[in-house]
Amino acid sequence: MKVLSEAYAPAGITSEEMANMVGQVLKSQKITFHEDELPPEGLSHNRALHITVHFEDKFISRVLIDAGSSLNICPLTTLKRLGKGLHEIRVGSMNVKAFDGSQRATIGEINLDLQMGPTWFEVEFQVLDISATYNLLLGRPWINTAGAVASTLHRALKFEWNHQEVIIHGDGSNPIYTN
């Protein structure tokens, strides 16, 4: 309400124009999901949220969005398939605790420039030599930096870019492929 009470409205503005202006201000201040955005199977699915991102001349599918992870993770196998060598990994000394309580050391970290929708994000990943069902995992570090809101129910990810809401829909299980 503070925004509305301090907003400038030109003389002669119609009530319809004012309502439209107020609607635009309110709309730009929140990201929401609606019932009509549910996947065809509705509430009955139990699938994780995977998206596809663009990296250099490749598309990477099965990028897991996981708000429960405190790290962004890149399996070593994915890094190799992207054409990145071990010499590009920065030394790191982080231990990662898995959901089962086991711990393992990371190989190091690497930054990858990923395109999602119309924008690019430089994402720092912890590199692990693991067998994974995902190609990359984007956790809270990326989710919070992007201001993204993920909905596994709606199988979509939303964030604001350039004052526009961007929607990235969940995908299937394609491998990494070249553009």
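Fair warning: this is a prediction, and the values are worked out from it, not measured in the lab. Any value given below was found using the heavy atoms of this structure, including those in side chains, with hydrogens, waters and symmetry copies removed. Each residue takes its place number in the sequence, starting with 1.
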Minimum heavy-atom separation for Pro141 and Asn72, please, with both atom names.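 Heavy atoms only, the tightest pair is CB-ND2, 3.5 Å.
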Nearest heavy-atom neighbours spanning Ala132 and Pro75: CB-CG, 4.0 Å
Check each of Val63, Ile168, Asn135, Asp113 against Val53 using the side chain to side chain contact (heavy atoms under 4.5 Å, CB included) test, and report the only one that passes. Val63
The criterion is side chain to side chain donor-acceptor pair (under 3.5 Å); which residues satisfy it with [X], sequence neighbours excluded?
{"X": "Glu88", "value": "Lys84"}
{"X": "Thr119", "value": "Trp161"}
{"X": "Ser151", "value": "His154"}

Can you find a heavy atom in the side chain of [X] that is under 4.5 Å from one in the side chain of [Y]?
{"X": "Leu64", "Y": "Leu49", "result": "no"}
{"X": "Asp66", "Y": "Leu138", "result": "no"}
{"X": "Glu165", "Y": "Glu160", "result": "no"}
{"X": "Phe55", "Y": "Gln115", "result": "no"}
{"X": "Leu82", "Y": "Lys58", "result": "yes"}

Can a donor-acceptor pair be found, under 3.5 Å and without considering hydrogens, that links the side chain of [X] to the backbone of [Y]?
{"X": "Thr78", "Y": "Cys74", "answer": "no"}
{"X": "Glu35", "Y": "Glu37", "answer": "no"}
{"X": "His45", "Y": "Arg47", "answer": "yes"}
{"X": "Lys80", "Y": "Gly85", "answer": "no"}
{"X": "Arg62", "Y": "Thr133", "answer": "yes"}
{"X": "Asp171", "Y": "Thr52", "answer": "yes"}

Take a 6.0 Å sphere around CZ of Arg140 and say whether it holds more than 12 heavy atoms from other residues, nucleotides or ligands.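 Enclosed: over 12 neighbouring heavy atoms sit under 6.0 Å from CZ of Arg140.
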Does atom CG (Asp36) have a neighbourhood of more than 12 heavy atoms from anything else shown, all under 6.0 Å?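 Yes - once you tally the heavy atoms of other residues, nucleotides and ligands closer than 6.0 Å, there are more than 12.
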Separation of Arg155 CZ from His50 NE2 (nearest 0.5 Å):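 Those atoms lie 8.5 Å apart.
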Expected list for residues 122-130: side-chain donor-acceptor pairs under 3.5 angstrom, two or more places apart:
| from | atom 1 | to | atom 2 | distance (Å) |
| --- | --- | --- | --- | --- |
| Glu122 | OE2 | Asn111 | ND2 | 2.9 |
| Glu124 | OE2 | Arg90 | NH2 | 3.2 |
| Gln126 | NE2 | Glu109 | OE1 | 3.3 |

Following the transitive rule for hydrophobic clusters with a side-chain heavy-atom cut-off under 4.5 Å over Ile, Leu, Val, Met, Phe, Trp and Tyr, establish whether [X] and [Y] coincide in one cluster.
{"X": "Leu137", "Y": "Phe59", "result": "no"}
{"X": "Leu136", "Y": "Leu71", "result": "no"}
{"X": "Leu79", "Y": "Leu86", "result": "yes"}
{"X": "Ile65", "Y": "Ile73", "result": "no"}
{"X": "Ile51", "Y": "Val166", "result": "yes"}

For Ala148, all residues meeting side chain to side chain contact (heavy atoms under 4.5 Å, CB included), sequence neighbours excluded: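 Residues passing side chain to side chain contact (heavy atoms under 4.5 Å, CB included) with Ala148: Trp142, Ile143, Ala146, Leu157, Phe159.
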Thr14: which residues meet the side chain to side chain contact (heavy atoms under 4.5 Å, CB included) condition with it, sequence neighbours left out?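 Expected list: Glu16, Glu17.
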